[in-house]
Q: 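The structure follows.
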Amino acid sequence: MAQFHLLQQVREATLGGEKATVSLRSVISESWRRSLAAHVDPEDYQPPVVYGSDEVADVRSAHPLRAVVPLLRDLLVGIADESRHVMIVTDAEGTILWREGPSDICLRADPVGLCEGARWTEDVIGTNAMGTALAIDAPVQIYSAEHLVRTYHTWTCAAAPIHDPDTGDLLGAVDVSGLLQALHPAVVCLVNATAQLAESHLRGQMQLRDERLRVRNMPHLAGLRGEAGALLTPTGRVLAAEPLGRWPERVRIRSGADRVLLDDGREALVEPLAEGYLLRVPRSARAVPRRPKLSLSFLGDRPVAVLDGRELPLTLRWAELLALLALHPAGLTAEQLALQLYGDDGNPATVRAEIHRLRTQLGDAGMQAKPYRLRADVEADFLAARAALSSGDVRAAVAACHASLLAGSEAPAIRAERYHLVAALRSAVLDHHDLDALWTFAQSEPGNDDLEVFERLAGELPAHDPRRPVVVARLAWLIAEDE
């Protein structure tokens, strides 16, 4: 009970905008931020029922997780009487499709919406194991007052996501929920292991379907008589191909398309089969070099660069170089980079050495010299924020720019870009009169200590808005700190 009372105190302090004696887990604080941004009331909320009792059975019969419910039941419901919990299985939208457990716990669960047909995503019911596991795509346990909504402080729950072994898409989540003292802290490990066994079971079923499809359709591939081709599953996975070694793991086929462009630039003809597709590459098709794809996530605690699906090892200096080259697609010389990285004391020789090491990771296809320029197709969160601001889409800009650009960088050009991006974003949200965008900015690292932003929110949020007490408390704290 000591932990229960401590969490209650932390919750009241946090929602009141005061400094708590201990910090919430980051997974909880981030979930609360998302939930409050969706206008979830911490004091009074019920999950919506999206399927009536007469609809749930039909939805379950068509859902891919129905194949693993017996396995989940054997592993989790079997111990329910001893641990006093219910097992819950949701779809990818967080709607409860199955709930099983002791009748007395089910009776306690019904009034608070832990029932079949109710939706439990964070945006409709706040922080909870099912919704948060789906939101972060990872196992999570939520204890008592870590639930945003007070109604669920007498409950503890643990959940883990389950993925489609074919596409990797979320299928739903498996959850165990019990009253406050009923669940052991290690139950999240059990739930995660159960989810992994469910995925393994689904993978085995997929492999059986693959083999049947391959055997039935190999004559189509053999009928190409030496012409390049491949057999695909209905989701585009390559099951067999000739010649081997020149095909990706998956080819995305648009509905109704009669041809598709492969990664190496060749055009393939698409022939639908009873199950899946046959791709045929005419002998005259020529490969066209494909530009690599570089994704940069530099607004946050840790800069991340991903080249064609592979995360690159990244130092802060390399992140600075990539950011500057992304901001200058026409390219920069070593002298220009030295000035932007170090100021007037910059040494081009130092830059050339760093660039040389970075190019070993990107390859010649990813970067060229004279001038230094990125050859890859670049997607970057800071560029997306810039583009959204330029187009007047303030909400998209705020959603993209949740933290400062390379916060640890002291490079003059990066500091200038960091300042200009935040200043432009701040000006846009203050001028746009969009309270949702202003609230999102206030919850971000750049806006969390902005007195004018919180004054504007306090003055314009309606009295009944659940975010207003949080704003008023935070404003009082900021004013006190400023005195």
Side-chain angles (χ1 to χ4, degrees), residues 27-28 31 35 46-51 56 59-60 63-66 68-102 105-106 108-144 146-149 151-163 170-199 201-202:
V27 67
I28 303 301
S31 175
S35 302
Q46 283 285 323
V49 175
V50 296
Y51 296 130
V56 170
V59 176
R60 289 196 301 209
H63 199 277
L65 285 182
R66 72 187 185 282
V68 297
V69 168
L71 171 66
L72 302 177
R73 181 182 297 118
D74 289 344
L75 292 170
L76 297 176
V77 180
I79 61 172
D81 289 335
E82 295 181 10
S83 61
R84 315 301 297 157
H85 72 256
V86 291
M87 179 201 76
I88 291 171
V89 181
T90 78
D91 62 15
E93 287 72 44
T95 304
I96 298 176
L97 299 184
W98 289 269
R99 186 200 67 185
E100 301 184 21
I105 303 299
C106 290
R108 297 283 295 272
D110 284 337
V112 296
L114 279 169
C115 54
E116 293 165 352
R119 178 157 294 167
W120 276 75
T121 46
E122 287 183 336
D123 62 324
V124 298
I125 194 57
T127 302
N128 70 93
M130 293 171 279
T132 302
L134 291 172
I136 66 174
D137 195 12
V140 66
Q141 183 162 10
I142 307 296
Y143 178 82
S144 181
E146 289 181 330
H147 290 92
L148 178 67
V149 176
T151 305
Y152 306 103
H153 289 187
T154 56
W155 291 80
T156 293
C157 47
I162 302 176
H163 301 87
L170 276 171
L171 293 178
V174 58
D175 167 277
V176 294
S177 293
L179 298 176
L180 185 59
Q181 301 298 329
L183 292 185
H184 191 277
V187 74
V188 68
C189 298
L190 172 63
V191 173
N192 188 37
T194 301
Q196 292 177 5
L197 284 173
E199 290 178 359
H201 183 78
L202 292 172

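As the structure is a prediction and not an experimental result, all values here were calculated from the model.
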Q: Do you know the tightest heavy-atom contact between V187 and A158?
A: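 That would be CG1-CB, 3.7 Å.
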
Q: Could you state the interatomic distance from CG (L197) to CG (L202), rounded to the nearest 0.5 Å?
A: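 L197 atom CG to L202 atom CG measures 11.0 Å (nearest 0.5 Å).
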
Q: Is T156 close to Q141 at the side-chain level, that is, under 4.5 Å between some pair of heavy atoms?
A: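 A side-chain contact exists here, since the closest heavy-atom pair is under 4.5 Å.
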
Q: Indicate the atoms forming the closest heavy-atom contact of A160 with V191, along with that distance.
A: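 In terms of heavy atoms, the two residues are closest at N-CG1, 3.7 Å.
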
Q: For the side chain of H153 and the backbone of E146, is there at least one donor-acceptor N/O pair under 3.5 Å apart?
A: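 No; zero donor-acceptor contacts below 3.5 Å.
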
Q: Between H85 and I105, is there a side-chain heavy-atom distance shorter than 4.5 Å?
A: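 Not in contact.
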
Q: Is it the case that S31 and E122 place a side-chain donor and acceptor less than 3.5 Å from each other?
A: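 Present: a donor and an acceptor within the cut-off.
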
Q: Given salt bridge (Lys or Arg N to Asp or Glu O under 4.0 Å), test E100 with R73 step by step and report yes or no.
A: CA-CA 8 Å; E100 301 184 21; R73 181 182 297 118; 2.8 Å; yes

Q: Could you walk me through whether R99 and D175 pass the salt bridge (Lys or Arg N to Asp or Glu O under 4.0 Å) check?
A: CA-CA 9 Å; R99 186 200 67 185; D175 167 277; over 6 Å; no

Q: Would you say I96 and V89 make side-chain contact, with heavy atoms under 4.5 Å?
A: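 No, too far: nothing below the 4.5 Å cut-off.
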
Q: Any side-chain to backbone donor/acceptor pair from W98 onto R66? Under 3.5 Å, distance only.
A: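 Checked: no pair found.
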
Q: Looking only at heavy atoms, what is the nearest atom pair of G126 and S35, with distance?
A: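 In this case the closest contact between G126 and S35 is CA-OG, 3.3 Å.
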
Q: Find out whether V86 and V176 are in side-chain contact, i.e. whether some heavy atom of one side chain is under 4.5 Å from a heavy atom of the other.
A: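 No; the side chains remain at least 4.5 Å from each other.
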
Q: Apply side chain to side chain contact (heavy atoms under 4.5 Å, CB included) to the pair L97 and L65, showing each step before the final yes or no.
A: CA-CA 10 Å; L97 299 184; L65 285 182; over 6 Å; no

Q: Which value, rounded to the nearest 0.5 Å, describes the distance between L76 atom CG and L71 atom CG?
A: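 Between L76 CG and L71 CG, I get 8.5 Å after rounding to 0.5 Å.
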
Q: So, T121 side chain and G131 main chain: donor-acceptor pair closer than 3.5 Å or not?
A: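 Checked: no pair found.
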
Q: Considering the options L171, L170, I136, which one meets the side-chain contact (heavy atoms from CB on, under 4.5 Å) requirement together with P161?
A: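 For P161, the side-chain contact (heavy atoms from CB on, under 4.5 Å) check succeeds only for L170.
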
Q: Check whether any side-chain heavy atom of M130 sits under 4.5 Å from a side-chain heavy atom of I88, and report yes or no.
A: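 In contact.
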
Q: Tell me the closest heavy-atom pair linking A118 and G113, and the distance in Å.
A: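 Of all heavy-atom pairs spanning A118 and G113, the closest is CB-O, 3.3 Å.
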
Q: Let me know which of T127, V188, N128, L148 forms a side-chain contact (heavy atoms from CB on, under 4.5 Å) with I142.
A: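 Checked T127, V188, N128, L148 against I142; only one passes side-chain contact (heavy atoms from CB on, under 4.5 Å): T127.
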
Q: Quick one, I28 with T132, criterion side chain to side chain contact (heavy atoms under 4.5 Å, CB included). Give me CA distance, side-chain angles, the key distance, then yes/no.
A: CA-CA 9 Å; I28 303 301; T132 302; over 6 Å; no

Q: Do you know which two heavy atoms are closest between V68 and A198, and how far apart they sit?
A: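 Heavy-atom minimum between the residues: CG1-O, 3.6 Å.
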
Q: Tell me whether the count of non-hydrogen atoms from other residues, nucleotides or ligands lying under 6.0 Å of CZ in R108 goes above 12.
A: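 Count not over threshold, so no.
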
Q: Taking the side chain as everything from C-beta on, heavy atoms only, tell me whether H163 gets closer than 4.5 Å to D137.
A: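 Contact flag for H163/D137 side chains = yes.
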
Q: Report the relative orientation of the aromatic rings in H147 and Y152; use parallel for angles under 30°, tilted for 30 to 60°, perpendicular for over 60°.
A: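 Rings of H147 and Y152: tilted, as their planes differ by 30° to 60°.
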
Q: Among T90, T95, L114, find the one that has a side-chain contact (heavy atoms from CB on, under 4.5 Å) with W120.
A: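 Per the side-chain contact (heavy atoms from CB on, under 4.5 Å) rule, the option paired with W120 is L114, out of T90, T95, L114.
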
